[in-house]
Amino acid sequence: MPACITTPIYYVNDRPHIGHAYTTTVCDVWARAMRLRGEDVFFLTGTDEHGVKVEKSAAAKGVTPQALADENAAEFQRVLKVFGLSNDDFIRTTEPRHEKQVQAFVKRLLESGSVYLGTFEGWYDEGQEEYYTETKAKELDYKSPISGRPLARATEQNYYFRLSAFQQRLEQFFASNPGFVQPTARQNEVLGRLREGLQDVPITRTNFTWGIPFPGDEKHVIYVWIDALFNYVTALGYGDRDGAFTGDLFARRGKYWPAQYHVIGKEILWFHAVIWPALLMALELPMPRRIHAHSFWIADGQKMSKSMGNFVDLPTIEGYFAKYGLDAWRWYMATQGPLQASDADFRAQHFHDTYTSELVNVVGNCPSRVTAMVGKYFEGKMPADAQQGGEWPARCSAAADAWAKAIDELDLVAAAQAPMGLLREVDAFINRTEPFKVAKDPSRAAELASILAQCAETVRIAGVMLEPFLPAKMAELRTALSGEADAALPASQRLQWGRLAPGTPLAKCALFPRV
RNA sequence: GGCCCCGUAGCUCAGCGGCCUAGAGCAGUCGACUCAUAAUCGAUAAGACCUCGGUUCGAAUCCGAGCGGGGCUACCA
């Protein structure tokens with residue numbers, strides 16, 4: 001079955017930082033694992049480019065909003081390349097393909113009665129051209145925080161999405177799809193808020209122009225969040241269906257919806273878990289399968305903030321690349337990150353300890369000692385195993401099952417654990433069977449061959465499972481094991497016992513240098 | 001104000017439809033070994049399971065209150 005995974009689209013008013021890197025890396029590991037399994041995967045990311053903030057930043061810089069968006073979108077795309085991320089498309093909300101489809105969706109919502117023209121009333125800051133909520137206005141003592149002038153009571157005509165009409169259907173949907181929102185703590189938040197009742201939400205703005213024009217009433221632009229959410233289906237051509245467009249994109253990509261996973265940060269949960277499903281219901285499109293809302297990285301025990309100076313920004317990240325390598329960064333993101341309900345602490349010492357104890361001492365050292373012995377005792381050629389693997393084929397197959405199951409659940413920690421466990425078992429096996437002693441007794445040559453063949457084959461299989469996490473380093477390992485051609489084969493074949501034929505050249509390798 | 005989550009070894013966390021004489025990884029200590037990137041393997045030490053009270057034959061696990069941390073959301077117009 002075709003599978004689709006998405007990151008949120010990143011707001012171009014921001015600079016790439018650890019948050020973007022994390023979400024995208026999580027998706028990348030999953031996408032690579034699924035492709036390795038031979039699944040037909042579509043991995044989508046992109047940029048969110050409209051809205052008043054972009055308009056203002058552009059004005060401040062004296063450029064057009066489009067020019068600013070172009071510049072920053074290019075930066076995000078550059079960063080994806082630097083990170084070696086394997087997304088299949090990069091959608092920008094200012095692209096015609098997106099804008100046209102969003103208009104088609106909104107038109108359909110209007111025609112079906114899910115969108116109506118209503119009046120919005122609130123406290124308006126004329127200098128800032130912004131509305132404040134009642135609470136916020138009161139906090140500000142009804143004065144502009146910038147100019148100090150009193151806020152005005154203003155009204156505005158806006159188009160509203162009839163979110164309140166979907167209360168029951170959403171409740172039913174959540175009831176019949178337990179686990180739709182993950183982790184559970186996040187789902188509870190959504191359910192709690194849902195219980196309080198839903199109000200209709202304005203989906204257009206008239207106080208600025210940098211957005212997609214509302215079809216048929218062009219002094220309104222579509223609110224940036226509504227615009228942005230639709231990227232998940234416009235990238236697949238779903239708006240084409242309304243007839244005015246060619247269905248070419250849809251013909252190629254329509255199969256990828258519904259998305260298996262929308263991976264997001266917890267701050268944008270409400271839009272994804274409630275508003276987005278309601279929009280899809282209104283349009284009679286299928287629901288995504290799962291929303292996974294991860295938590296945040298903090299740094300050295302503190303919330304990251306620019307003023308604290310503990311923000312893990314791009315230059316900081318690139319410093320880690322330089323010192324430990326890209327794969328080590330991916331490993332830390334994927335295995336130590338805040339994928340579940342609690343925040344994760346980013347600490348240089350912890351990064352270093354993880355690198356050493358897991359990558360250097362296990363993933364690097366285990367293949368190193370195995371290939372070294374094959375080099376020393378068998379002239380670098382895979383020995384023949386008269387025992388057909390002994391207990392190892394069963395162990396490997398159990399690990400492969402655990403790995404696949406973990407990938408299905410987006411449990412990256414468990415998915416990494418499976419091959420790591422195998423390597424640790426190989427280490428223990430070597431200490432127990434002492435091939436380096438067996439090698440001293442010529443009459444035990446067959447035994448030695450079996451031990452090392454079993455180790456080498458297990459290392460190869462563990463390496464396959466580690467590829468989604470450590471693509472570059474595992475490619476190195478593959479090369480050392482003369483398995484370059486394997487890269488194209490699906491995991492079902494590559495995880496089978498016995499692909500390393502006797503006589504295959506195995507080169508000594510040292511994958512992760514001690515730092 | 002309402003709702004929700006968390007508080008377990010030095011660190012990060014698992015266990016939480018009661019029996020745990022409380023576990024894992026990392027860090028520590030001791031030992032083994034030498035094929036390997038001073039790596040690996042084994043053993044070992046370490047905890048009022050936040051506090052108090054309750055239920056129970058029995059509670060880290062259930063209930064109540066409190067303290068501490070976090071989240072969502074509202075409001076005293």
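As the structure is a prediction and not an experimental result, all values here were calculated from the model. Note on naming: letters A, B, ... go to the chains in the order of the sequence lines (proteins, then strands), and numbering restarts at 1 for each one.
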query: Counting only Watson-Crick or G-U wobble pairs whose two distances fall under 3.5 Å, which nucleotide matches B:G58?
result: none
message: Mind checking if A:Leu511 touches a base, just sugar-phosphate, or nothing, with heavy atoms under 4.0 Å?
response: base
task: Report which part of the nucleic acid A:Phe512 touches: base, sugar-phosphate, or nothing (heavy-atom distance under 4.0 Å, all strands).
output: base
- request: Would you mind classifying the nucleic acid contact of A:Asn361 as base, sugar-phosphate or nothing, using non-hydrogen atoms under 4.0 angstrom?
  value: sugar-phosphate
- prompt: Taking a pair as Watson-Crick or G-U wobble with both distances under 3.5 Å, which nucleotide is matched to B:G68?
  reply: B:C6
- request: Using the P atoms only, state how far B:U56 lies from B:C11, rounded to an integer number of Å.
  value: 37 Å
query: To the nearest Å, how far apart are A:Ile298 CD1 and B:C6 C1'?
result: 14 Å
- request: State the pairing partner of B:U21; accept Watson-Crick or G-U wobble contacts with both distances under 3.5 Å, and report none otherwise.
  value: none
Pair A:Lys53 + A:Asp48, salt bridge at N-O below 4.0 Å: no
- request: Measure the distance from CD on A:Glu358 to P on B:U40 and round it to the nearest whole Å.
  value: 12 Å
Whole-Å P distance, B:G10 and B:G70: 23 Å
task: Could you check A:Arg369 against A:Ala344 and say which one's nearest nucleotide on RNA chain B is further toward the 5' end?
output: A:Ala344
message: Are A:His262 and A:Phe271 an aromatic pair, judged by ring center distance below 6.0 Å?
response: no
- prompt: Between B:C72, B:C35, B:G71, which nucleotide has the shortest distance from any of its atoms to the side chain of A:Lys440?
  reply: B:C35
statement: With the side chain defined as heavy atoms from C-beta on, A:Ser357 is closest, among B:U37, B:A27, B:U40, to B:A27
query: Are the aromatic rings of A:His50 and A:Tyr223 close, with centres under 6.0 Å apart?
result: no
- request: For the pair A:Glu467 and A:Lys473, find out whether any cationic side-chain nitrogen is under 4.0 Å from an anionic carboxylate oxygen.
  value: no
- prompt: What is the pairing partner of B:U29, taking Watson-Crick or G-U wobble pairs with both distances under 3.5 Å in any strand?
  reply: B:A43
message: Whole angstroms only, please: what is the CG-P distance between A:Asp345 and B:C26?
response: 20 Å
message: Let's see if you can work this out: which of B:C41, B:C72, B:U73 has an atom nearest to the side-chain heavy atoms of A:Glu196?
response: B:U73
query: Is the CD atom of A:Glu391 crowded by more than 12 outside heavy atoms at less than 6.0 Å?
result: no
message: At 4.0 Å (heavy atoms only), tell me whether A:Gly192 reaches a base, stays on the sugar-phosphate, or touches nothing.
response: nothing
statement: Assert: residue with more 5' nearest nucleotide on RNA chain B, out of A:Glu267 and A:Lys508, is A:Lys508
- prompt: When all nucleic acid strands are considered with a 4.0 Å heavy-atom cut-off, which category describes A:Ala428: base, sugar-phosphate, or nothing?
  reply: sugar-phosphate
task: Answer with base, sugar-phosphate or nothing: what part of the nucleic acid does A:Arg514 contact at a heavy-atom distance below 4.0 Å?
output: base
statement: Rounded to whole Å, NZ of A:Lys437 lies from P of B:A32 at a distance of 12 Å
message: Could you check whether A:Ser164 and A:Gln199, counting side-chain N and O atoms only, form a donor-acceptor pair closer than 3.5 Å?
response: no
- prompt: How is A:Arg432 classified with respect to the nucleic acid when contacts are heavy atoms under 4.0 Å: base, sugar-phosphate, or nothing?
  reply: nothing
